[in-house]
Amino acid sequence: MASILAATAVAATPPASSDLLARAGTVSRLTATSLERLAPDADPDVIALGLATMQCAQRHGVGEQAQRLAVIDYSRSSLTPRLWVFDLKHDKLLYREVVAHGQGSGGDIPDRFSNEEGSHASSLGLFVTRQTYEGKNGYSLRLDGLEPGFNDAAMSRAIVIHGADYVDPESGERQGRLGRSWGCPALRPDVAGDVIDVLKEGQFVFSYYPEREWLMHSALAQCAQARIDDRESPDDTFLSSR
């Protein structure tokens, strides 16, 4: 747990007794361990947390038939691969990619996240994917945020997965970071369409950063903690209105 615990200390997370991540690794370890083997350069604790939140959403009737999970680790440099797409049914890693974050979230490593219209910032937490469409950024995939107050404005903000020419690692190396979006997890144009096709219509996307407010007050994070403890979440109705 050293990597995440060190990062959360920098982000001023609460004491270890309240640290949700410190226990996330015990959730469905057989499956999480399998995913970790597929993505050895990913932080295993982030993978485990993403898996736990996905399973909590499924317990509440969202994405029960989902077979794929994308995990984005925004605590990493934009110049390094920080998005992994897993095929859960066939136990495969489908993609390992760089991904852009929003202009309002900061430079190479983002440190500000928002659910607000006009912030041009990325949002944290769990999303379920919806339909594709052709827009100003070409072939795009709508993301529906499942976490009230943290990412549930994603649809109205048009936070989508799309391709963008500014997601270019070569030019990014020259300027010290990838180009940035208006809050969307944008991908290299060469792979965007294929990634969208495997993630569309009811799959999951999990976006991580060790932000105190999200870790402490996200209902899905609380549900994940309850899952670890094998007890009911203190807010078992967080998806009741969906």
Side-chain angles (χ1 to χ4, degrees), residues 4 7-8 10-15 18-24 27 45-46 48-63 66 69-75 99-106 109-130 141-161 180-185 202-229 231-242:
I4 280 188
T8 49
V10 172
T13 56
S18 300
D19 185 0
L20 303 179
L21 289 178
R23 303 160 73 192
V27 176
D45 301 321
V46 174
L49 185 64
L51 181 65
T53 55
M54 180 199 78
Q55 291 168 336
C56 283
Q58 290 178 318
R59 288 181 62 197
H60 287 80
V62 177
L69 168 67
V71 175
I72 301 172
D73 185 353
Y74 282 129
S75 69
V99 58
H101 56 262
Q103 296 173 357
S105 286
I109 301 176
D111 58 8
R112 299 182 297 277
F113 299 88
S114 177
N115 194 38
E116 297 297 321
E117 181 68 41
S119 67
H120 293 176
S122 298
S123 298
L124 297 176
L126 190 68
F127 305 79
V128 65
T129 65
R130 300 302 184 190
L141 174 61
R142 299 188 192 279
L143 298 177
D144 191 358
L146 299 177
E147 306 204 33
F150 295 100
N151 66 18
D152 60 333
M155 292 285 278
S156 62
R157 292 180 62 204
I159 301 301
V160 303
I161 296 178
R180 296 168 297 175
S181 68
W182 281 13
C184 298
Q203 310 305 315
F204 285 105
V205 176
F206 175 74
S207 296
Y208 168 82
Y209 183 84
E211 182 190 69
R212 177 190 175 102
E213 182 70 13
W214 170 62
L215 289 172
M216 286 301 297
H217 299 293
S218 157
L220 267 173
Q222 296 298 316
C223 178
Q225 182 180 10
R227 182 175 181 84
I228 294 165
D229 288 342
R231 67 174 184 263
E232 289 302 312
S233 168
D235 183 8
D236 207 36
T237 61
F238 78 100
L239 288 175
S240 62
S241 63
R242 302 197 67 84

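We're numbering straight along the sequence, starting at 1.
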Roughly how far, to the nearest 0.5 Å, is CG of Leu146 from CE of Met54?
12.0 Å
Return the CG to CZ distance between Leu141 and Arg130, rounded to the nearest 0.5 Å.
10.5 Å
Over all atoms of both residues, closest heavy-atom pair of Cys223 and His60
SG-CE1, 3.8 Å
Between Ser207 and Ser123, what is the shortest heavy-atom contact and its length?
CB-O, 3.6 Å
Can you tell me how far the SG atom of Cys56 sits from the CG atom of Leu51, to the nearest 0.5 Å?
10.0 Å
Minimal heavy-atom distance between Glu116 and Arg157, with the atoms involved, is O-NE, 3.2 Å
State, yes or no, whether a side-chain contact exists between Leu49 and Phe206 at a heavy-atom distance under 4.5 Å.
yes
Glu211 CD to His217 NE2 distance, which is reported to the nearest 0.5 Å
10.5 Å
Here the gap from Arg112 atom CZ to His101 atom NE2, rounded to the nearest 0.5 Å, amounts to 8.5 Å
Roughly how far apart are Ile72 CD1 and Ile161 CD1, rounded to 0.5 Å?
6.5 Å
Parallel, tilted or perpendicular: which one describes the rings of Tyr208 and Trp214, with boundaries at 30° and 60°?
perpendicular
Main chain of Gly63, side chain of Gln58: is a donor-acceptor contact present, judged purely on distance under 3.5 Å?
yes
Could you tell me which non-hydrogen atom of Ala57 sits nearest to which non-hydrogen atom of Leu126, and how far apart they are?
CB-CD2, 3.7 Å
Closest non-hydrogen atom pair, Pro185 against Val160:
CD-O, 3.4 Å
Given side chains that start at C-beta, do those of Phe150 and Leu124 come closer than 4.5 Å, heavy atoms only?
no
For residues Glu117 and Ser156, report the shortest heavy-atom separation together with the two atoms involved.
OE1-O, 3.6 Å
Applying the side chain to side chain contact (heavy atoms under 4.5 Å, CB included) test to Ser105, which of Pro110, Ser114, Ser119 qualifies?
Pro110
Can you classify the ring geometry of Tyr209 versus Phe113 as parallel (below 30°), tilted (30 to 60°) or perpendicular (above 60°)?
tilted
Verify, without hydrogens or angle tests, whether Arg180 (side chain) and Gly106 (backbone) share a donor-acceptor contact under 3.5 angstrom.
yes
Of all residues at least two apart in sequence or in a different chain, which pass the side chain to side chain donor-acceptor pair (under 3.5 Å) check with Thr129?
none
Kindly determine whether Phe127 and Asp144 satisfy side chain to side chain contact (heavy atoms under 4.5 Å, CB included), including the steps that lead there.
CA-CA 5 Å; Phe127 305 79; Asp144 191 358; over 6 Å; no
